[in-house]
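First the proteins, then the strands, lettered A, B, ... as listed; each starts at 1. From a predicted model like this one, the values you see are computed outputs, not experimental measurements.
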There are 2 protein chains.
Amino acid sequence: MYRIGELATACEVTADTLRFYEKNGLFSPSSRSDKGYRLYTEEDARHLKFILRAKAMGFSLTEIRELLNIEASRSDWACADVKGMVEAKAAELQRKIDEMTRLRDSLQELADACCGGPESAIHCSILDTLETK
Amino acid sequence: MYRIGELATACEVTADTLRFYEKNGLFSPSSRSDKGYRLYTEEDARHLKFILRAKAMGFSLTEIRELLNIEASRSDWACADVKGMVEAKAAELQRKIDEMTRLRDSLQELADACCGGPESAIHCSILDTLETK
DNA sequence: ATAAACCTTGGAGTTAGGTCTAAGGTCAAA
DNA sequence: TTTGACCTTAGACCTAACTCCAAGGTTTAT
């Protein structure tokens, strides 16, 4: 059995984060000590690792709660449900990537047009563009 | 002279947003009516458009405040200062794009390995991977 | 003249995901 | 036995960029 600080250290998060996840219904300890300390099992640790992996994959805590529901009763769901969630997330990321790529290109264009020298910015093409485009 | 609602509508933001920008030192009306209404000039409108363009380029309001400071006294700055800001922002965006691309690839890999069928998710490879990777 | 549409202020609420504090209880080592 | 590290709770605070609300004053249209 791990206490909260041990599990937190082992998984490289803070104890506060674990309490936060608990308060938000993602993850609770299997038991408490007689004095009220949270006690986590290996099973709990795997559960937390699932959460952290999903988070690293870019899922929000709300989405992770859904994944946990599915995980908790797999037989109630179809593979298509799970695959759908993952593909929707990938598509969402793609949309963000596309938008950020456009922004980056605009910025690069702006930068490329600027002399970048030590001269005063009185005639700076970047500022001119932002002013009047 | 525009009143706040007129300028807001013209620039497709809300009056609340303009008051918010004012409270945060980005943008103030040139004058007030005798009853206290904000009155904006064409010059003010250009100023706001500068802000909105910079925002569309991905700059935060804090960064926009810096740009506005530079813009307000161009001769105190060098082109290199401005170009530096823009290039730093482009690089920051690139880092985020790279990270999101890695995430998207991981998700796509996860999805590709899943049958995606109507069968129960008991043996779903996605959930298995999240559990044990 | 009066209703609708606009404006004012200060301040609270929102979202996401934590992070920190206060006031106190517990446990292990020296 | 006392110090220090750990744990408990409730609840406040943080960032960013708004968004909404209440309570009131103004302007405009009919």
Side-chain angles (χ1 to χ4, degrees), chain A residues 1-41 44 48-68 89 92-93 96 99-100 103, chain B residues 1-41 44 48-68 89 92-93 96 99-100 103:
Chain A
M1 299 291 237
Y2 305 100
R3 289 194 309 188
I4 194 167
E6 290 167 336
L7 182 59
T9 301
C11 292
E12 301 183 278
V13 294
T14 69
D16 269 333
T17 296
L18 298 190
R19 290 191 202 97
F20 173 78
Y21 286 171
E22 183 173 343
K23 196 167 58 184
N24 287 275
L26 274 103
F27 171 64
S28 298
S30 293
S31 57
R32 295 274 186 142
S33 77
D34 55 347
K35 295 300 182 180
Y37 284 24
R38 289 168 179 82
L39 295 175
Y40 300 94
T41 62
D44 293 335
L48 175 58
K49 280 172 195 157
F50 180 102
I51 292 171
L52 297 178
R53 269 183 222 114
K55 202 160 86 71
M57 288 294 194
F59 288 98
S60 70
L61 298 191
T62 299
E63 289 161 339
I64 292 173
R65 236 188 320 265
E66 283 183 68
L67 282 173
L68 288 170
K89 197 74 197 172
E92 184 191 322
L93 275 173
K96 285 188 188 162
E99 189 185 338
M100 295 179 80
L103 281 183
Chain B
M1 299 291 236
Y2 305 100
R3 290 196 308 191
I4 195 167
E6 291 167 336
L7 182 60
T9 301
C11 292
E12 300 184 276
V13 293
T14 69
D16 269 332
T17 296
L18 299 189
R19 289 191 203 97
F20 172 78
Y21 286 171
E22 184 174 343
K23 197 165 58 182
N24 287 274
L26 274 104
F27 172 63
S28 298
S30 293
S31 57
R32 293 277 185 139
S33 78
D34 56 347
K35 296 298 182 185
Y37 283 24
R38 290 169 178 82
L39 294 175
Y40 300 94
T41 61
D44 292 335
L48 175 57
K49 280 172 194 155
F50 180 102
I51 291 170
L52 297 178
R53 270 183 221 113
K55 202 162 87 71
M57 289 291 196
F59 287 97
S60 71
L61 299 190
T62 299
E63 289 161 339
I64 292 173
R65 236 188 319 266
E66 282 183 68
L67 282 173
L68 289 169
K89 196 74 196 172
E92 183 190 322
L93 236 40
K96 285 186 188 163
E99 188 184 338
M100 294 179 80
L103 280 183

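Closest of all the heavy-atom pairs between A:S33 and A:L39 is N-CD1, 3.5 Å. When every heavy atom of B:Y40 is checked against every heavy atom of B:R3, the shortest pair comes out as CD1-C, 4.3 Å. Smallest separation of non-hydrogen atoms from B:S30 and B:T41: OG-OG1, 3.6 Å. The two residues A:S60 and A:K89 make their nearest non-hydrogen contact at N-NZ, 4.4 Å. Across every non-hydrogen atom of A:L67 and A:A54, the tightest pair is CD1-CB, 4.2 Å. For the residue pair B:D44 and B:S28, the shortest heavy atom distance occurs at OD1-O, 3.9 Å.
Put simply, CG on A:L26 is 11 Å from C1' on C:dG17, counting in whole angstrom units. Rounding to whole angstrom units, CG of residue B:N24 and P of C:dG10 are separated by 14 Å. In this entry the distance linking CD1 of A:I51 with C1' of C:dG17 reads 14 Å, nearest Å. Atom NZ in B:K23 sits about 13 Å away from atom P in C:dT8, given to the nearest Å. Nucleotide C:dG17 holds its P atom 17 Å from the CZ atom of A:F27, rounded to whole Å. If you measure from atom OH of A:Y21 to atom P of C:dG17, you get 8 Å, rounded to the nearest angstrom.
The closest side-chain heavy-atom distance from B:F20 to B:L61 is below 4.5 Å. For the pair A:M1/A:S31, a side-chain contact is recorded, criterion being any heavy-atom separation below 4.5 Å from C-beta on.
The stretch residues 6-19 of chain B touches DNA chain D through B:D16, B:T17, each having a heavy atom under 4.0 angstrom from the strand. Of the residues in residues 59-66 of chain B, those lying under 4.0 Å from DNA chain D by heavy-atom distance are B:S60, B:L61.
With values rounded to the nearest 0.5 angstrom, A:K55 atom NZ is found 8.0 Å from A:T17 atom OG1. A distance of 9.0 Å separates CG in B:L18 from CD1 in B:I51, rounded to the nearest 0.5 Å.
B:F50 and B:F27 have their aromatic ring centers separated by at least 6.0 angstrom.
Read 5' to 3', the first and last nucleotides of DNA chain D with an atom closer than 4.0 Å to a heavy atom of chain A are D:dC6 to D:dT9.
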Mind listing the N/O atom pairs, protein and nucleotides 25-28 of chain C, below 3.5 Å?
residue, atom, partner, partner atom, Å
C:dG25, N2, A:Y37, OH, 2.8
C:dT26, O4', A:Y37, OH, 3.2

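Within the 4.0 Å cut-off from OP1 or OP2 of C:dG18, at least one side-chain nitrogen or oxygen of A:K55 is found.
A:N24 meets the side chain to side chain donor-acceptor pair (under 3.5 Å) test with no other residue; sequence neighbours excluded.
Listed by first then second residue, pairs satisfying salt bridge (Lys or Arg N to Asp or Glu O under 4.0 Å) with a partner in residues 15-30 of chain B read B:D16-B:R19, B:E22-B:R32, B:E22-B:R38, not counting sequence neighbours.
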